[in-house]
2 protein chains.
Amino acid sequence: MKKKITIKDIAKEMSVDPSTVSKALRNQSDISIEMQKKIKRFADKVGYRPNLLAKSLINKRSNILGVIIPDLRISFFSEATRGIYEEATKNGYETILLVHDENAENEKRKLEFLSDINVDGILLNAVDETTNLDLYKRLDAEGIKIICWDRKLKDSNFNSITINDKKASFELTNKLIENGRRKIMFIGPNTGIPVAQDRFEGYLMALKENKIRVRKNLILETERTFESAHNTLYTAIQSGADLDAIVCVGGLIAYGAGNAILECKLRIPEDILLCEFGDNDIISRLGVPFYTVNQNPYKIGQEAVNFLIKCLKNGTNSAKSINIEVEHKILYRSTGVQR
Amino acid sequence: MKKKITIKDIAKEMSVDPSTVSKALRNQSDISIEMQKKIKRFADKVGYRPNLLAKSLINKRSNILGVIIPDLRISFFSEATRGIYEEATKNGYETILLVHDENAENEKRKLEFLSDINVDGILLNAVDETTNLDLYKRLDAEGIKIICWDRKLKDSNFNSITINDKKASFELTNKLIENGRRKIMFIGPNTGIPVAQDRFEGYLMALKENKIRVRKNLILETERTFESAHNTLYTAIQSGADLDAIVCVGGLIAYGAGNAILECKLRIPEDILLCEFGDNDIISRLGVPFYTVNQNPYKIGQEAVNFLIKCLKNGTNSAKSINIEVEHKILYRSTGVQR
DNA sequence: TTGTATGCGTTATCAA
DNA sequence: TTGATAACGCATACAA
């Protein structure tokens, strides 16, 4: 096993002091150009690479950003993640990606890990807004900048970047009403995730504006999983729930709900219009058309990184309750060639 | 900014030596149970968390695994990744995910990053087998275990875990022939990626066994991107290529190829049968049925981790030319309820 | 312009 | 059973 070459090794080989090597490699002006060149050439030849752990132990900065996402199967998250790492790379940061799977315990472990390795900042798509709030705050206090994207944290003041969820949901629900639907169901989690609340409010607004009565049995609560959404809706339909459209808060929920609808031998879109947020690939598996809110995931990712880096550069607080809004689009996805 | 609490801080507060604290926290037997309890209680109270950087600087082990994948949009990779991190977590390892986007330069940067932060091992889905081969070997020499999954590296001896690509491709092509197709196109990259070679060989085998002549103009070369695959096939069809089925080496290629077919006003599956490897969500966007090879991505991920951990535990070499084979399934994905 | 000493947070090896 | 010291790889004041 060939040990990795260190500054010490180089220093010994060249009979100079380690500090001289260290300085030379970082273009410190108090080392002669001659010496700098000589040392750099040698370091290059032997394939020297600085140990990031040691570096950031001293610098208190790692140039690493952590990205926490709920799920890899949801294309909204993977697209946003692409925006994040491409933009981060451009700016000289390395990003590492972690998945919490809608599980607060997982999220906690991931966050602590990121703290343990001293990342500079975190781009967070949180499980919910309450469970790990204290931890978010602790990390913030430790100096790790946190930017929330897609899901904001209402009762905290972390900066965030999202679409206007309320407006989008309002527009989406209106589209359904324009299509002649009046028995519109809403299905989402109710664990205090503001993004779900905003979408719920937009839904209510649209109903109200169109003088459609809100019916309790058309409002369903589910976890953000295929199974939960599927079972919840399946049971509801079997119990006689009467709907002609359904607004789903997320992609996995829509996939589960759509599956339940088809399983109940109802047709999409003839009997029930299917809607979701995120323009997610996985819905296409159902082979039916659907309404969706395209959230510009790539752009959300890019802007989230830029926002974070700005905070890092300025050393300003990342908890100033600033929310950046990215524009959205309501789309109807039918099958066949597109994009 | 509240600084993170360290062992030194605890030691000072409790008027003991840092080394005592260190030992107590790690249940070293030479510290009295009394003392251990007292110290642990205090550490807990103040929310002490060990600094992983400092730890692994000494231990030469980080308990971190790096996972490098080509693309997040391809569900095969994301499913495999789930298998990886769930299994890794079970075994007390943290995994960090990096994406190379089929770009060797990216891959190099990611690999060096992983080396720079001293990960214990890497689960690699390589860009190709030649470009960064020296780097793979260097990392291996440094003691970082590397396991290849999905794509093996033919001329090296890194352990790997894949399906039997040749057999799968043979079976897949045979299915097409059973369906009455004779003008079967093959489209894939030819940058020395063995997985593509094996699949190509399987395709050739099936043709041969069925006494179908291999036609040069039915073998197309493309990069692993939507655009490249799309343009390549579009041009071929416009130039009069005559095919009634197409075997695509990967998901993005199939997506691009399928798109080109539909754009040329040809029907899938009536005019052309579409096939791919990986059972990828993104194909569903086309809204057409397709043949696919399900590669058991979750299982590949799990077994890859277990393989890697075994190497780590035993301290055995990870380059012994061992290949683990995971079973595959040929599926026909039509739209509607499924899974 | 170069070298020396010290420290980042942790652990291993001694000595007490 | 506990404490002192050196070390991991690197960086930075300061001395030479």
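A, B, ... follow the sequence lines: proteins, then strands. Residue 1 opens every chain.
- Atom CG in Leu57(A) sits roughly 12 Å away from atom P in dC10(D) (whole-Å rounding).
- Within 4.0 Å (heavy atoms only), Ser32(B) reaches sugar-phosphate atoms of the nucleic acid but no base atom.
- Comparing dC8(D), dG3(C), dT1(C) against the side chain of Val16(A) picks out dG3(C) as the nearest.
- Dashed line: the shortest gap from a side-chain N or O of Lys55(A) to OP1 or OP2 of dA11(D) is under 4.0 Å.
- Residue Ile7(A) contributes atom CD1, which lies 12 Å from atom C1' of dT12(D) at whole-angstrom precision.
- Among the nucleotides dT2(D), dC8(C), dT2(C), the one closest to any side-chain atom of Met35(A) is dT2(C).
- Lys3(B) has its NZ atom 5 Å from the P atom of dG9(C), to the nearest Å.
- As judged by a 4.0 angstrom heavy-atom cut-off over every strand, Pro50(A) is placed among residues touching the sugar-phosphate backbone only.
- Atom pair Arg49(B):CZ and dT10(C):C1' shows a separation of 15 Å (rounding to whole Å applied).
- Leu25(A) has its CG atom 11 Å from the C1' atom of dC10(D), to the nearest Å.
- Rounding to whole angstrom units, CG of residue Asp17(A) and P of dA11(D) are separated by 13 Å.
- Using a 4.5 Å heavy-atom cutoff, the side chains of Phe113(B) and Ile96(A) are in contact.
- A salt bridge links Arg49(A) to Glu112(B): one of the charged nitrogens lies within less than 4.0 Å of a carboxylate oxygen.
- Proximity note for Lys23(B) (side chain, C-beta onward) versus dA11(D), dT10(C), dT13(C): the nearest is dT13(C).
- No donor-acceptor pair closer than 3.5 Å links the side chain of Asn59(B) to the backbone N or O of Ser62(B).
- The side chain to side chain donor-acceptor pair (under 3.5 Å) with Asn132(B) is formed by just one residue from the set Glu107(B), Glu105(B), Lys110(B); it is Glu107(B).
- Relative to the side chain of Thr6(A), the nucleotides dC10(D), dT10(C), dA12(C) differ in distance, and dC10(D) lies closest.
- Side-chain atoms of Ser19(B) come within donor-acceptor range of the base of dA4(D), with a qualifying N/O pair under 3.5 Å.
- Protein atom CZ of Arg26(B) is 13 Å distant from nucleotide atom C1' of dT13(C), rounded to whole Å.
- Taking the six-membered ring for Trp and thresholds of 30 and 60 degrees, Trp149(B) and Phe77(B) have ring planes more than 60 degrees apart, a perpendicular arrangement.
- Closest to the Thr20(A) side chain, of the nucleotides dG3(D), dG3(C), dC8(C), is dG3(C).
- Distances were taken from every side-chain heavy atom of Asn59(B) (C-beta onward) to each of dC10(D), dT11(C), dC8(D); the shortest belongs to dT11(C).
- Ile58(B) has its CD1 atom 4 Å from the C1' atom of dT10(C), to the nearest Å.
- Closest to the side chain of Lys60(B), from the set dT1(C), dA11(D), dG9(D), is dG9(D).
- Proximity note for Asp30(B) (side chain, C-beta onward) versus dT1(D), dT1(C), dG3(C): the nearest is dT1(D).
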